[in-house]
Amino acid sequence: MGDGVMVLQKSLDTMVTLKESKLAGNWMEMDNIKTWVSAAMTDENTCMSGFTGGETAAKRLKRKVMDAMQRTSNALALLALIGPGST
């Protein structure tokens, strides 16, 4: 999970930098951000595969990871709308 959080933070920092520097049209960086967010989803999915059993704490953690995956998926869908060829 830590890797996923780190990658999402890097994506957010890069987006802020692009906004502040008026480089919002820098499609190479936007492609990097999309790749990083996708990698965060892979990290979350890998984390999920390690949960087994019926323990209450594991169930709660699994719900939290699923929520993070959904939010990451939503962010990736929004990022897909930004860039060359998007309408």
Side-chain angles (χ1 to χ4, degrees):
M1 285 300 291
D3 289 343
V5 170
M6 183 177 63
V7 168
L8 289 173
Q9 185 62 54
K10 180 178 182 177
S11 300
L12 181 60
D13 292 345
T14 302
M15 289 176 72
V16 168
T17 300
L18 287 173
K19 180 183 175 193
E20 289 174 352
S21 65
K22 308 284 190 259
L23 294 175
N26 187 332
W27 303 123
M28 183 183 290
E29 282 295 343
M30 289 304 296
D31 285 343
N32 287 341
I33 292 168
K34 291 175 189 176
T35 300
W36 298 332
V37 172
S38 181
M41 283 198 63
T42 300
D43 288 341
E44 292 164 353
N45 196 31
T46 300
C47 182
M48 285 292 298
S49 67
F51 291 120
T52 59
E55 298 176 26
T56 304
K59 283 184 177 181
R60 283 190 304 214
L61 187 54
K62 190 172 183 175
R63 261 193 319 268
K64 297 286 185 181
V65 172
M66 290 295 289
D67 182 58
M69 286 178 67
Q70 183 62 47
R71 291 173 189 264
T72 305
S73 176
N74 291 346
L76 190 57
L78 290 172
L79 286 169
L81 297 174
I82 301 172
S86 61
T87 56

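Nothing fancy with the numbering, it's 1 onward along the sequence.
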Inset, instruction - Would you give the length of the straight line joining atom CH2 of W36 to atom CG of L12, rounded to the nearest 0.5 angstrom? - result: 11.5 Å
Legend entry - Test side chain to side chain contact (heavy atoms under 4.5 Å, CB included) applied to Q70 - qualifying residues, sequence neighbours left out: N74
Legend entry - For M15, all residues meeting side chain to side chain contact (heavy atoms under 4.5 Å, CB included), sequence neighbours excluded: I33, L79
Inset, instruction - Flag the pair V37 / K34 as yes when at least one side-chain heavy-atom distance between them is below 4.5 Å, and no otherwise. - result: no
Legend entry - Within-4.5 Å side-chain heavy-atom neighbours: T14 and N32: no
Legend entry - R63 and D67: CA distance, side-chain angles, deciding distance, salt bridge (charged side-chain N to carboxylate O under 4.0 Å, His left out) verdict: CA-CA 6 Å; R63 261 193 319 268; D67 182 58; over 6 Å; no
Inset, instruction - For the pair S11 (side chain) and V7 (backbone), establish whether a donor and an acceptor sit closer than 3.5 Å, ignoring hydrogens and angles. - result: yes
